[in-house]
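Comments concern the structure below.
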There are 2 protein chains.
Amino acid sequence: MTASIKDVAKAAGVSPATVSRALGKGPVSEALRAQVLEAVRATGYRPNLAARRLRSQETGTVGLVVADIGNPFFTGVARAVEEAAYQAGLRVILCNTDEDPEREAIYLRLMQEERVTGLILAPTLVTAERLARQPLAMPVVLIDRPGPPGRYDSVLLDNAAASAALVDHLVAQGCRRIAGVFGRTSGTGVERAAGYRAAMARHGLDAREEFALPQVAAAEAALAALLAGPARPEAVIASNSLLLMGLLQAIRAAGLRIPEDLALAGFDNESWTGLVEPGLTVIEQPLQEIGRVAMSLLFDRLRTPEAPVRKVMLGGRCVVRGSTARRAMAALP
Amino acid sequence: MTASIKDVAKAAGVSPATVSRALGKGPVSEALRAQVLEAVRATGYRPNLAARRLRSQETGTVGLVVADIGNPFFTGVARAVEEAAYQAGLRVILCNTDEDPEREAIYLRLMQEERVTGLILAPTLVTAERLARQPLAMPVVLIDRPGPPGRYDSVLLDNAAASAALVDHLVAQGCRRIAGVFGRTSGTGVERAAGYRAAMARHGLDAREEFALPQVAAAEAALAALLAGPARPEAVIASNSLLLMGLLQAIRAAGLRIPEDLALAGFDNESWTGLVEPGLTVIEQPLQEIGRVAMSLLFDRLRTPEAPVRKVMLGGRCVVRGSTARRAMAALP
DNA sequence: CTGAAAGCGCTTACAG
DNA sequence: CTGAAAGCGCTTACAG
């Protein structure tokens with residue numbers, strides 16, 4: 001069926017070893033190389049990567065395991081990872097876990113069976129905890145979400161600073177009753193909640209937190225809980241874009257005006273956040289940079305396996321829009 | 001380093017063949033199977049997929065090559081493909097070409113070298129044409145975009161019907177000068193333009209077409225061209241969501257009201273189209289179904305390679321929103 | 001620079 | 001049911 005290296009060798013009148021060298025980096029005379037390339041063309045030969053990997057014990061493959069490839073955050077990071085991998089002559093296997101720890105486990109096992117050179121992983125909370133007990137037997141860089149402290153290289157948003165930036169901004173706009181709705185499947189939600197709490201305390205304000213699944217419907221329930229409470233909030237922060245979208249819909253459905261009745265802010269500068277009325281104030285993450293740094297950490301780790309663990313924290317950018325505008329907000333009591 | 005099947009065999013006191021059978025489907029006594037599983041646990045053995053694939057000549061892998069994984073259309077289809085593959089015990093290699101024919105060529109070559117069982121492909125126009133001259137040496141199902149006629153199984157939106165539905169709807173709302181902005185990198189844009197043209201002709205109306213790269217900036221230029229023309233359109237149709245977003249921004253930037261000054265409609269029911277003001281009228285595609293049908297066509301093809309080529313056309317759903325509301329539109333001349 | 005040979009880690013006829 | 005042996009398609013020391 002498909003031509004093998006033997007067929008090419010026969011067609012070129014050389015040994016399989018010479019074909020291999022001509023197509024790889026081995027030393028071959030120009031004359032033979034030309035013969036080989038001609039034979040490759042004639043036979044339509046394509047190397048069998050399974051055989052190459054088995055023999056060379058190098059897969060030239062990076063695994064990228066993310067929670068939700070439909071999330072523009074991960075799409076953006078994936079692009080950067082793919083670009084860096086391409087530059088380095090590596091392939092990327094992209095796996096989407098849908099925030100499901102079971103799928104995560106399946107894919108992590110698969111990555112081992114594929115013998116990937118290294119892995120870039122955005123783990124759920126469940127898997128982050130399992131990683132503490134059952135370390136992965138390959139070089140891993142964590143992105144977006146914290147894992148067990150001090151075990152793996154990682155590149156994260158400075159979540160404490162980002163949450164603080166949102167709180168500071170809202171306080172500057174005159175808000176005092178600021179609530180937060182945080183995703184509960186990832187360590188990121190936990191970190192952003194902690195940052196929010198710390199910032200609120202710094203301002204001498206009471207924190208009011210809800211934890212929710214990263215789903216539109218869950219955000220609606222969270223808003224209902226907040227509105228039902230004693231001191232109705234003047235502003236709400238969402239820790240991810242799905243929750244932000246859910247809150248926006250729920251606030252509209254409740255007939256409340258943004259920002260007059262309720263200011264709204266969140267994470268991730270997705271294009272729709274700038275298209276809705278009013279535009280939503282968000283923390284923009286440096287997607288490209290996260291992907292680039294993750295690959296760079298991975299390459300460093302492969303080069304020097306015993307180097308100390310590195311944790312890189314990147315700053316976000318606060319994009320201010322109408323959803324937190326001061327002049328439009330109701331006067332404080 | 002990593003345990004091989006020999007290590008497991010030694011630990012279990014059996015031959016490598018028995019280990020292989022115990023982990024696969026071969027006939028093994030219950031006693032030996034238990035010993036093997038215990039040895040697997042003890043050694044932390046994970047099969048080497050490269051070796052398995054080389055020996056069995058089956059990769060158990062489906063390639064999915066899409067133009068833009070950041071596009072919710074492809075994300076949705078990819079989910080369905082992945083789900084169907086998972087059910088069938090297959091893996092999916094996801095490749096993102098960014099509408100770049102060169103990257104497409106690289107990935108198609110890679111899919112051959114990976115010896116994928118089959119391929120699901122959404123080709124650019126350039127690659128669709130190349131496919132006519134250089135057929136792919138593996139089972140392929142085309143999705144979303146047409147290829148060379150009669151060569152490959154495919155599952156497509158009924159683009160003519162979808163375009164007609166938009167035109168009919170706009171005509172029913174009282175529009176007559178309906179323009180269209182179509183993506184020019186894919187066969188889909190071409191098909192939707194043809195459907196638009198046919199529907200306009202059926203109504204006795206003049207077609208007014210612009211072709212643009214699927215980018216926000218290109219949509220702005222297209223709108224400028226339309227507005228600069230002699231008979232300013234009352235409505236514009238966008239053939240994909242990036243163009244739709246670009247048109248929305250450009251119309252707003254031009255200070256025009258939707259739908260009073262210009263009605264707007266397009267393809268793909270992305271969440272933001274329902275969140276903006278006014279909501280945008282769009283054709284919703286059956287993403288799940290496209291992915292499921294594609295995999296089913298692929299499986300059929302693998303089973304019966306000589307069966308006649310099949311082309312499945314799925315209907316879209318017209319989601320009517322405020323951007324094409326009649327009462328709000330200006331009176332006709 | 002070139003070829004013959006070994007071997008990567010599996011699976012699978014082939015005997016028993 | 002079980003084991004010994006062959007071989008998938010490559011690459012890479014090893015000689016020359």
Taking Watson-Crick (N1-N3 plus N6-O4 or O6-N4) and G-U wobble (N1-O2, O6-N3), each under 3.5 Å, can you produce the dot-bracket string of DNA chain C? Use [ ] for crossing pairs and | for inter-strand ones. |||.||||||||.|||
Lys/Arg N to Asp/Glu carboxylate O, Glu38(A) vs Arg33(A), below 4.0 Å: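 Answer for the salt bridge query: no.
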Which donor-acceptor pairs under 3.5 Å do side chains of residues 85-95 of chain B form with protein atoms, sequence neighbours excluded?
residue, atom, partner, partner atom, Å
Gln87(B), NE2, Glu83(B), OE2, 2.7

Could you pull out all residues at least two apart from Glu306(A) that satisfy salt bridge (charged side-chain N to carboxylate O under 4.0 Å, His left out)?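 With sequence neighbours excluded, Glu306(A) shows a salt bridge (charged side-chain N to carboxylate O under 4.0 Å, His left out) to no residue whatsoever.
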Can you name the residues that form a salt bridge (charged side-chain N to carboxylate O under 4.0 Å, His left out) with Asp153(A), not counting sequence neighbours?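 Arg301(A).
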What nucleic acid atoms does Leu49(B) come within less than 4.0 Å of, heavy atoms only: base, sugar-phosphate, or nothing?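 The answer is nothing, as Leu49(B) stays clear of every strand by at least 4.0 Å.
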Between dT12(D) and dG16(D), how many Å separate the two C1' atoms, rounded to a whole number?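 Nearest-Å result for dT12(D) against dG16(D) at atom C1': 16 Å.
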Donor-acceptor pair, side chain of Thr18(B) and main chain of Val14(B), under 3.5 angstrom: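 Not a single qualifying donor-acceptor pair exists.
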Residue pairs fulfilling salt bridge (charged side-chain N to carboxylate O under 4.0 Å, His left out) with at least one residue in residues 58-72 of chain A, sequence neighbours excluded: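 Residue pairs passing salt bridge (charged side-chain N to carboxylate O under 4.0 Å, His left out), neighbours aside: Asp68(A)-Arg79(B).
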Let me see the working for Glu104(B) and Thr127(B) under side-chain hydrogen bond (donor to acceptor under 3.5 Å, both in side chains), right down to the final yes or no. CA-CA 7 Å; Glu104(B) 240 172 342; Thr127(B) 294; 2.6 Å; yes
Footprint string (nucleotides 6-16 of chain C, 5' to 3'): B base within contact, S backbone only, - free, heavy atoms under 4.0 Å: BBBBBBBB---
Measuring only between side-chain heavy atoms, which start at C-beta, is Val65(B) closer than 4.5 Å to Thr97(B)?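 With C-beta onward as the side chain, the pair touches.
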